[in-house]
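A, B, ... follow the sequence lines: proteins, then strands. Residue 1 opens every chain.
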Number of protein chains: 2
Amino acid sequence: MLKAERLQKIVEQIAKDNKVILDDLSLLLNVSTDTVRRDIKELSDKGLLKAVRGGAIMGSQVHPHFKERQHIDTQQKKVIAQKVLEFIKSGQVILANAGTTTTAVMEALPKDITLTVITNSFPIISVLEDYPNVNVFFIGGQLNKHSFSTTGYETIEAIRNFRADICLLGICSIDLKVGLTDFDYQESLVDRAMIETSKYIIALSTYDKVGTSDPYYVCAANGIDVLITEKDPSVADLVGFKDAGILIK
Amino acid sequence: MLKAERLQKIVEQIAKDNKVILDDLSLLLNVSTDTVRRDIKELSDKGLLKAVRGGAIMGSQVHPHFKERQHIDTQQKKVIAQKVLEFIKSGQVILANAGTTTTAVMEALPKDITLTVITNSFPIISVLEDYPNVNVFFIGGQLNKHSFSTTGYETIEAIRNFRADICLLGICSIDLKVGLTDFDYQESLVDRAMIETSKYIIALSTYDKVGTSDPYYVCAANGIDVLITEKDPSVADLVGFKDAGILIK
DNA sequence: TTTCATTTTGCAATATTATGCAATATATTT
DNA sequence: AAATATATTGCATAATATTGCAAAATGAAA
């Protein structure tokens with residue numbers, strides 16, 4: 001049986017019974033429990049179900065579409081998320097922009113952490129739902145159906161009413177000379193506003209975005225305090241940022 | 001049975017009966033009371049219920065979580081949604097509050113309709129994503145994890161910046177003498193603000209909420225223009241509203 | 001085809017988690 | 001205070017998860 005078939009059957013089962021059990025699937029699909037476990041993990045990463053000990057159950061029915069687009073570069077983003085955690089302390093006020101990387105960071109937070117998170121990202125909201133001690137403030141505005149976030153005048157104005165300890169900035173492009181840039185004008189404005197109102201800027205970028213640029217300027221490279229990628233800080237392309245006074249992780 | 005299933009069932013029970021008893025659960029779920037106790041502790045840590053001697057009761061919020069409410073009375077809500085459609089014309093500006101009924105209305109909209117929708121409800125956003133001609137404005141504010149909506153000062157202020165043609169108001173309780181009331185103070189304030197800034201108020205209520213009341217006042221019964229339930233307008237309990245000048249559908 | 005790289009899969013060793021039991025402690029009722 | 005019910009703790013066992021690894025399968029390029 002093809003792997004794709006297996007995944008399909010698992011999804012079908014879940015739709016039918018609201019749950020699947022590891023051993024049952026192993027028997028039904030004629031593969032080891034290890035494989036089933038890996039399959040479930042994969043589907044879980046795509047947000048199609050929720051992996052639990054011993055099997056899987058239906059994930060959140062409320063916003064399934066938010067999660068479906070997050071399955072790109074999952075591994076790198078998880079590495080970045082782990083690196084971010086050392087900067088986040090209980091009780092802080094965190095401003096987070098919209099993006100799959102910032103969402104991955106939220107997913108990596110310990111379930112009992114106490115924080116205030118301010119964001120304009122709907123996927124982040126759906127993650128933080130399950131964090132009882134995280135106080136969430138959502139920034140309103142015009143819905144952007146591509147980024148699943150709000151933008152526009154009201155969004156910018158609302159951001160200016162906050163002072164955050166940390167700004168978590170998932171970014172489109174970063175280049176030592178050009179600085180941070182975005183391919184969406186409205187989002188670049190949001191990023192700017194977030195940077196201006198935060199004490200400490202942590203930029204999150206997968207390594208392939210380093211050295212690239214987009215049409216809309218956000219800020220100079222040294223406008224950020226930390227740059228986090230999934231690679232080791234000693235990688236050649238990153239040392240330039242270090243020399244510019246940016247902490248590389 | 002999976003542990004995750006057990007936890008779900010406990011939460012369901014609590015939502016239904018407002019309480020659970022250790023021994024009952026132990027029997028129902030086929031696990032020792034020790035395990036049930038540990039499950040309850042876990043859920044209690046997440047804030048989903050309050051552990052007490054001998055079992056558990058509902059936490060601070062009296063009403064069940066949106067995820068659970070979403071699946072009750074679905075049929076009635078669909079009937080209501082269909083009735084609402086005749087009031088909604090292309091090009092209008094609609095203000096919608098948070099609730100499973102208003103969400104059901106959005107789901108019933110024709111996919112190609114042109115509208116502007118202003119809301120503080122996250123589930124409505126996730127529905128309207130798929131409507132290419134619906135311009136959506138989200139009202140920011142403090143996240144309320146039970147209703148999946150925003151409330152608070154900023155929310156109220158933002159609402160006041162709009163003028164809507166129609167206000168779709170999913171309601172908690174309505175009584176001819178007491179008027180509209182809500183069980184959540186913050187949401188009652190949002191409802192008030194929405195009513196004040198809209199030209200035409202359509203209240204949506206399943207029939208079982210007619211004649212009931214909650215602690216927080218929203219507006220007088222005749223403060224609304226239309227009342228829509230799943231029942232026929234000729235039903236005895238509804239004619240009183242008709243006499244008060246409210247259109248019943 | 002053959003070769004090489006990548007992905008998939010199963011296995012084994014190890015770590016983690018879940019569960020029931022029993023001993024002890026604490027609360028509640030009589 | 002005594003009796004009863006419920007909680008807490010530590011522990012042993014079983015179930016499940018994770019990790020690294022090697023064999024097999026698959027796919028792409030020569």
Side-chain angles (χ1 to χ4, degrees), chain A residues 1-11 13-14 17-59 71-83 85 104 107-112 130 206-208 230-232, chain B residues 1-11 13-14 17-59:
Chain A
M1 176 176 324
L2 297 170
K3 183 187 169 192
E5 274 185 90
R6 260 181 8 232
L7 296 179
Q8 226 177 345
K9 282 201 194 253
I10 294 175
V11 173
Q13 283 280 330
I14 279 265
D17 302 341
N18 278 22
K19 66 159 179 178
V20 287
I21 290 169
L22 216 53
D23 292 328
D24 292 356
L25 286 177
S26 166
L27 221 68
L28 179 73
L29 306 170
N30 283 312
V31 286
S32 72
T33 58
D34 298 74
T35 302
V36 177
R37 201 174 278 120
R38 274 181 283 232
D39 288 351
I40 284 178
K41 178 139 191 297
E42 202 176 321
L43 294 169
S44 165
D45 283 342
K46 288 186 188 173
L48 295 172
L49 46 74
K50 187 175 174 204
V52 298
R53 191 181 178 84
I57 56 176
M58 279 252 263
H71 60 297
I72 23 174
D73 299 341
T74 343
Q75 213 46 53
Q76 286 102 308
K77 280 166 192 162
K78 279 181 184 164
V79 174
I80 294 173
Q82 281 306 319
K83 290 189 186 178
L85 292 185
E107 279 171 344
L109 291 174
K111 279 277 184 292
D112 58 343
D130 300 325
T206 48
Y207 184 70
D208 58 315
E230 78 275 19
K231 299 271 182 180
D232 193 88
Chain B
M1 173 170 339
L2 297 170
K3 183 189 170 190
E5 273 186 274
R6 254 177 18 227
L7 297 177
Q8 270 187 351
K9 282 197 198 262
I10 294 175
V11 172
Q13 282 281 330
I14 279 260
D17 302 342
N18 280 23
K19 66 165 182 179
V20 286
I21 292 167
L22 262 178
D23 293 328
D24 293 355
L25 287 177
S26 166
L27 219 67
L28 178 73
L29 306 170
N30 283 311
V31 287
S32 72
T33 57
D34 297 74
T35 301
V36 176
R37 202 173 277 120
R38 274 182 282 231
D39 287 351
I40 285 178
K41 172 120 197 313
E42 203 176 321
L43 294 169
S44 164
D45 287 343
K46 284 188 189 167
L48 294 172
L49 47 73
K50 189 176 174 205
V52 296
R53 192 182 176 83
I57 55 173
M58 283 245 256

TODO: Mind checking A:Val36 for me? I need base, sugar-phosphate or nothing, with any heavy atom below 4.0 Å counting as a touch.
DONE: nothing
TODO: Provide, to the nearest angstrom, the distance between the CG atom belonging to A:Leu25 and the P atom belonging to D:dA17.
DONE: 12 Å
Open item on the list: Quick one, B:Gln13 and B:Leu28 - any side-chain contact, counting heavy atoms below 4.5 Å?
Closed with: yes
Open item on the list: Distance check, rounded to the nearest 0.5 Å: B:Leu43 atom CG versus B:Leu49 atom CG?
Closed with: 5.0 Å
Task: For atom CG of A:Asp34 and atom P of C:dT14, their distance in whole Å - done: 16 Å
TODO: Could you tell me the separation between the CZ atom of B:Arg53 and the P atom of C:dA27, rounded to a whole number of Å?
DONE: 8 Å
Open item on the list: Between P on D:dA24 and CG on A:Asn30, what's the gap in Å once rounded to a whole number?
Closed with: 19 Å
Open item on the list: Does C:dT17 have OP1 or OP2 under 4.0 Å away from a side-chain N or O of B:Arg38?
Closed with: no
TODO: Quickly work out the B:Leu29 CG to C:dT19 P distance and round it to whole Å.
DONE: 11 Å
TODO: Would you indicate which nucleotide in D:dA17, D:dA7, C:dC21 comes nearest to any side-chain atom of A:Arg37?
DONE: D:dA17
Open item on the list: Could you tell me how far apart B:Leu22 (CG) and D:dT4 (P) are, to the nearest whole angstrom?
Closed with: 20 Å
Task: Nearest to side-chain heavy atoms of B:Lys3, which nucleotide of C:dA18, C:dG20, C:dG10 - done: C:dA18
Task: Non-hydrogen side-chain atoms of A:Thr35 and A:Arg6 separated by less than 4.5 Å - done: yes
Open item on the list: Distance check needed: D:dT16 C1' versus A:Asp23 CG, whole Å only.
Closed with: 9 Å
Open item on the list: Rounded to whole Å, please give me the gap between CE in A:Met1 and P in C:dG10.
Closed with: 12 Å
TODO: Look at B:Arg38 together with B:Asp34 and state whether they make a salt bridge at an N to O cut-off of under 4.0 Å.
DONE: no
Task: Phosphate contact (C:dT9 OP1 or OP2) by A:Ser32 side-chain N/O below 4.0 Å - done: no
